[in-house]
Amino acid sequence: MPNLSARMSRAKPSAIMAVAEKAKALKAAGRDIVSFSIGVPNFLPGEHVYAAVREALAKDSGQYGSNRGAEPLLDAFIKHLEQGGLSGYGRKNLAVGIGAKHVLYNLAEVLLDPGETIAFAVPYWTSYLDIAEIVDADVRLMPCPASQDYKLTPDQLDAALPGVKVLLFNNPNNPTGMAYTKAEIAALADVLVKHPDVWIICDDIYNRMLFDGIGYHNFINARPELRDRVIHVDSLSKTYGMPGWRVGFLAGPEVVAQAFTTMNSNHITNLPEIVTAAAVAALNGPQDLPVQKAAEFQARRDQVLETMRSIPGVVCPRPQGAFYVFPDVSCAFGKQHKGVKIGNDVDLCNALLEAKGVACVPGSAFGDANALRISYTCPAAQLPEGLKRFREFFAELS
């Protein structure tokens with residue numbers, strides 16, 4: 001049999017999905033499982049989205065669409081950007097993809113040659129490292145532990161950027177839920193101005209899921225001269241409860257958007273007509289659902305934080321966005337749970353799932369083996385029960 005390509009030796013399945021599949025199997029076997037593992041919003045879009053889909057079905061042309069994206073969708077995204085404080089973009093600056101993950105992958109292909117360097121902070125979303133390795137890029141990691149609130153500092157960024165081709169910046173962050181203040185963004189932007197040869201990808205797909213009045217802030221508004229190097233990535237998935245619809249966007253310099261469009265012509269051709277109709281309706285329609293869900297998630301965040309702070313030894317910086325908490329649970333390492341040794345984050349998550357039926361993702365999947373990720377988007381009635389079991393598990397360590 002012929003060999004697979006060399007890149008497949010660098011491709012790895014999702015660690016998050018592995019946890020989810022194990023929890024799913026236990027549930028199918030009759031176990032009572034509370035899943036804190038998958039980062040999906042667990043709500044559906046408004047009826048206006050489904051109405052647009054039904055109308056589009058009745059008028060379906062069955063034809064190919066634009067490689068860049070249908071003009072009504074591009075215009076709706078421009079409006080969405082402007083609502084978030086990002087103005088000055090035209091259709092030539094935009095392109096669409098099959099979800100934000102596809103957008104990030106295509107951007108890696110567009111911007112990085114083998115051996116060139118991409119930098120991002122740790123903890124990171126698992127796909128960042130996976131994508132970098134598949135395209136054979138060198139990776140420069142910037143560790144941001146709980147002791148610095150999982151946030152990148154200006155000095156740290158300045159020291160890391162020499163020789164870097166692409167900076168990938170995630171705000172609000174997955175897996176930590178941390179969001180940067182206006183002053184923090186401005187300080188990082190000042191550093192980026194000093195490094196004119198670096199492309200800047202801003203993965204801001206949680207920009208409507210922000211708490212405590214912190215607001216969404218970006219490098220372009222802080223330092224307008226960065227506009228020619230910043231690529232903003234967004235998605236319908238988290239904001240509108242549409243992860244399965246697979247609609248992602250980019251806004252950036254015309255040369256990047258055109259290169260991405262060329263990649264689309266060779267990869268996906270176009271978004272389906274029906275999906276496009278749904279996306280336009282979500283972006284142009286009532287925006288009360290994202291606002292409502294952000295308030296609900298803030299209340300859930302508070303419940304999870306209360307539990308984390310009640311457990312001796314657990315350290316959990318206060319997240320102000322997305323729907324995750326990322327507690328440092330290294331206080332449990334070296335202990336046992338009813339005879340089961342807890343040597344690391346993977347041991348802890350396995351023991352927690354087996355003993356209490358609570359599924360979390362080990363922090364090592366995100367580059368920080370001292371922690372674990374809790375996604376609190378499970379059905380509302382399950383959250384208190386899952387947190388109760390979590391407390392019980394730690395109380396039973398010896």
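In this chain, numbering begins with 1 at the start of the sequence shown.
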(request) Let me see the working for Tyr124 and Phe120 under ring-ring contact (aromatic ring centres under 6.0 Å, His included), right down to the final yes or no. (result) CA-CA 7 Å; Tyr124 49 77; Phe120 44 84; 5.4 Å; yes
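Asp345 pairs by the side chain to side chain donor-acceptor pair (under 3.5 Å) definition with Ser364, not counting sequence neighbours. When the side chain to side chain contact (heavy atoms under 4.5 Å, CB included) test is applied to Pro145, the partners found at least two apart in sequence or on another chain are Ser147, Gln148. Every residue meeting the side chain to side chain contact (heavy atoms under 4.5 Å, CB included) condition with Ala160, not counting sequence neighbours, appears here in chain and number order: Arg140, Met142. Taking the side chain to side chain donor-acceptor pair (under 3.5 Å) definition, one finds that Lys24 meets it with nothing, sequence neighbours left out. Listed by chain and residue number, Glu296 satisfy the side chain to side chain donor-acceptor pair (under 3.5 Å) test with Gln292 (two or more places apart in sequence, or in another chain). Partners of Arg229 by side chain to side chain donor-acceptor pair (under 3.5 Å), not counting sequence neighbours: none found. Here Tyr89 pairs with nothing under the ring-ring contact (aromatic ring centres under 6.0 Å, His included) rule; sequence neighbours left out.
Here Arg7 does not pair with Asp136 in a salt bridge; the nearest charged N to carboxylate O distance is not below 4.0 Å. A salt bridge does not link Lys335 to Asp347: none of the charged nitrogens lies less than 4.0 Å from a carboxylate oxygen. Under 4.0 Å is where a charged nitrogen must lie from a carboxylate oxygen, and between Arg301 and Asp212 at least one such pair does.
Residue pairs meeting the ring-ring contact (aromatic ring centres under 6.0 Å, His included) criterion with at least one partner in residues 316-360, sequence neighbours excluded, are Tyr150-Phe326, Tyr206-Phe323, Tyr206-Tyr324, Phe297-Phe323, Phe326-Phe366, His337-Phe393. For residues 53-76, no residue pair satisfies the ring-ring contact (aromatic ring centres under 6.0 Å, His included) rule, not counting sequence neighbours. For residues 64-74, every residue pair satisfying the salt bridge (charged side-chain N to carboxylate O under 4.0 Å, His left out) rule, not counting sequence neighbours, is listed here: Glu71-Arg91. Among residue pairs with one or both ends in residues 40-58, those qualifying as salt bridge (charged side-chain N to carboxylate O under 4.0 Å, His left out) are Glu47-Arg54, Glu55-Lys59; sequence neighbours excluded. Residue pairs meeting the ring-ring contact (aromatic ring centres under 6.0 Å, His included) criterion with at least one member in residues 32-57: none, sequence neighbours excluded.
Within the 4.5 Å cutoff, the side chain of Asn106 has heavy atoms near those of the Asn264 side chain.
Under the 4.5 Å side-chain heavy-atom criterion for Ile, Leu, Val, Met, Phe, Trp and Tyr, Val255 and Val103 are members of the same hydrophobic cluster.
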